[in-house]
Protein chains: 2
Amino acid sequence: MDVAAAAGVSKSLVSLALRGEHGVSEATSARILAAAERLGYRSNMLARGLVQGRTMLLGVLLTDLANPYHTEVVSGVEESAEERGFTVLLAHGRRDRSRLTRQLDALLQLNVDGVVVVSSWLEPEVLAAAARRVPVVMVGRPEAFAPGVDTVANDDRAGAEAAVRHLADLGHERIAHLAGTGRPASRARAAGYRETMRALGLAGRTAVHGVGDPVRGRDRAAAALLGEGHTAVFAVNDLAALAVLDRAHEAGRAAPGGVSVVGYDNTSLAETVRPRLTSVDQPRLVMGRLATGLLLERMGGRTGERHEVLTPSLVVRGSTAAPPRGTTG
Amino acid sequence: MDVAAAAGVSKSLVSLALRGEHGVSEATSARILAAAERLGYRSNMLARGLVQGRTMLLGVLLTDLANPYHTEVVSGVEESAEERGFTVLLAHGRRDRSRLTRQLDALLQLNVDGVVVVSSWLEPEVLAAAARRVPVVMVGRPEAFAPGVDTVANDDRAGAEAAVRHLADLGHERIAHLAGTGRPASRARAAGYRETMRALGLAGRTAVHGVGDPVRGRDRAAAALLGEGHTAVFAVNDLAALAVLDRAHEAGRAAPGGVSVVGYDNTSLAETVRPRLTSVDQPRLVMGRLATGLLLERMGGRTGERHEVLTPSLVVRGSTAAPPRGTTG
DNA sequence: ATCCGGATCTGGAACGTTCCAGACGCGTTT
DNA sequence: AAACGCGTCTGGAACGTTCCAGATCCGGAT
């Protein structure tokens, strides 16, 4: 180590001084720090990790950087990780399962101390294998997903219920649901919609349109649904809600006067589109922080799985209002 | 190494077999791979990096994950890095300069083989210090920014010119500019606007409103600007353009009939808002690929700085049209 | 004068790889 | 029979840290 030579001490002492351990005299410490500064020295995390057996790194694996839902979860992870002295590294699968698997592998090879997976694209076995080496938390799936993997998720049924009840409170009865693909979150939202309609005595009004193809299907389903005379739509996510807003606008039934629309996820979209979209908000920041907490618990020796489910909240904006007069009943 | 014991060979041979080097007999290799598979063995990148002096890791440092402009650049970096066998790790500054500096430090300590900085928040000295240890490319600043740091950027003047000429071609003369904060990109776009107005013989029509405060100022400036009877607005970015669209809608001059609006950056916003926003598109994917290329060149021994400037293109959508009759002149 | 204890500092082992020089066995050439 | 070359395999050095046992020095207590 050049710093040791420059300061005229042993490498051991340089290590102690740079880490601020006590047992190094004031004068020597100053000399060492000055030398390190002058030489632009930075300790080598690879070597440190090798000898210590831990890296103080947390890895976050995400499917899709462009998905604004994910990024806030990441912020929550980062905040809490930072408070505890961890550094967060992100790896990115770009909507490709094999790439995602490779990235997970890279994180493991780096010997990260824990992994937060913000994606439901990975096979359970892959995740379970990872969990055998290092704590793994998955964000976004409510149920047990893979052995040894903790989960953090929002309560999709409760979110759907909040959305439907809000519409019912406004006076709507003909409330339709624009459903998503067959993923678990979509299914839970649809189930929550059905249950709430039943609980409200509106079982007979239940109407679910599936998106099917995620891009084209959205517009078609939205159009079909509007043709049926519903006064309100609960959409599986904000993008689907946007499709409804657009079709409604074209059909001369712009929200909220012509039709009320509720989205899910409260993405930035909800605040840029007009009218501003009423949407179910997942506590993403809290979910991220919770994920870090679960990782640390496991590092602390906890065994067994934990599955945290958080209750989302409804953010009311301009896309919902009372139904047009004369349409009730 | 347990794999060595399990396969009954030396650790050296395990290393050779797992890397697929020749000089290992077929039979032994199979036995080693089987043992590794069975034990779930993964090589330790820390140790490998330590002995090889390189990690095959590229670090990408970004200010803000939520900024959709950045994420596509990242995809470009990833694509090209992957083709060359590198793994890309992302570090995230969350709009905080000191955090950004810490994250850069973490990447350096990890001994990444190169760093792509997608942020203009770092001080030049910090970047220059990093560049003394490892190749660094900065994306988003056209000019030399810090000694030893290559740059990749789009030509903001050319982008502004394309936007203004498009509006002029449609018949607009009263074209105003909604300017951004004092950052170099904003300044270059404003300069491009002014130059093009002059070149078109419209110097007398030049009108620039500054945003000032990035959130509230946007709406105020948009409103002020609409009050002056301009028929078209070139906004410094898509968010500013959105503010104009909203104010115009409120004032009964909805785009494109009432006023034409052009944004910059062609973010996903441009495709979700209505009317769809005409916007200047930076070749972000190409910029990312180019950044990787510059890193590799430098690893290959190139010295001196390179500064690449790419030409953006205009994506015409529904927010621009000919001016209302009777407003010209 | 001797011993003790604390503060300060040092040298070598260890971490898990890769790299390198060389060992071993075996068939072929001289 | 000896020498050589090749394919296969091994053991130790090296990478840059941290950790640990212990060395050295000095002042104060015995």
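In what follows, chains are A, B, ... by sequence order, proteins preceding strands, each numbered from 1. All values derive from a computational prediction rather than experimental measurement.
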Engineer: Take Leu46(A) and Gly23(B), find for each the nucleotide of DNA chain D with the closest heavy atom, and name the residue whose nucleotide sits nearer the 5' end.
Structural biologist: Gly23(B)
Engineer: Lys11(A) NZ to dT17(D) C1': how many Å, rounded?
Structural biologist: 8 Å
Engineer: How long is the span from the NE2 atom in His92(B) to the CG atom in Leu65(B), to the nearest 0.5 Å?
Structural biologist: 4.0 Å
Engineer: Check the phosphate of dC19(C) against Arg19(B), side-chain N and O only, distance under 4.0 Å to OP1 or OP2. Yes or no?
Structural biologist: yes
Engineer: Check the pair Glu82(B) / Arg99(A) against salt bridge (charged side-chain N to carboxylate O under 4.0 Å, His left out), numbers first and verdict last.
Structural biologist: CA-CA 10 Å; Glu82(B) 223 166 74; Arg99(A) 195 167 356 230; 2.6 Å; yes
Engineer: Ser25(A) side chain N/O closer than 4.0 Å to the phosphate oxygens (OP1, OP2) of dC9(C)?
Structural biologist: yes
Engineer: Write down the distance between CG (Leu13(A)) and C1' (dG22(D)), rounded to a whole number of angstrom.
Structural biologist: 15 Å
Engineer: dC15(C) P sits how many Å from Asn44(A) CG, rounded?
Structural biologist: 18 Å
Engineer: Please state how far atom CG in Leu16(B) lies from atom P in dG16(C), giving the value in whole angstrom units.
Structural biologist: 19 Å
Engineer: Between dT10(C), dC19(D), dT17(C), spot the one nearest the side chain of Val51(B), thanks.
Structural biologist: dT17(C)
Engineer: Around Glu26(A), counting heavy atoms of other residues, nucleotides and ligands shown, do more than 12 lie under 6.0 Å from its CD?
Structural biologist: no
Engineer: What distance separates Met287(B) CE from Thr292(B) OG1, expressed to the nearest 0.5 Å?
Structural biologist: 12.5 Å
Engineer: For dG11(D), does the base pair up with any side-chain atom of Ser10(B) as donor and acceptor (N or O, under 3.5 Å, distance only)?
Structural biologist: no
Engineer: Taking CG from Leu110(A) and P from dG16(C), how many angstroms apart are they, rounded to a whole number?
Structural biologist: 16 Å
Engineer: Tell me which nucleotide among dG16(C), dT10(D), dC9(C) gets nearest to the side chain of Val9(B).
Structural biologist: dT10(D)
Engineer: Separation of Ile32(B) atom CD1 from dT8(D) atom C1', in whole Å?
Structural biologist: 11 Å
Engineer: Of the nucleotides dT17(C), dC9(C), dT18(D), which one has an atom closest to the side chain of Arg48(B)?
Structural biologist: dT17(C)
Engineer: Rounded to whole Å, please give me the gap between NE2 in His22(B) and P in dC9(D).
Structural biologist: 13 Å
Engineer: Over how many whole Å does the gap from Leu18(A) atom CG to dC19(D) atom P extend?
Structural biologist: 14 Å
Engineer: Between dT17(D), dC19(C), dT10(C), which nucleotide gets closest to the side-chain atoms of Gln52(B)?
Structural biologist: dC19(C)
Engineer: Pick the nucleotide of DNA chain D nearest each of Arg42(A) and Ser29(B); which residue has the one closer to the 5' end?
Structural biologist: Ser29(B)
Engineer: Between Ser12(B) and dC20(C), is there a side-chain N or O to OP1/OP2 distance below 4.0 Å?
Structural biologist: no
Engineer: Return whichever of Thr28(A) or Leu50(A) has its heavy-atom-nearest nucleotide of DNA chain C closer to the 5' end.
Structural biologist: Thr28(A)
Engineer: Under a 3.5 Å distance rule, please check whether Arg187(B) uses its side chain to pair with a backbone N or O of Gly182(B) as donor and acceptor.
Structural biologist: yes
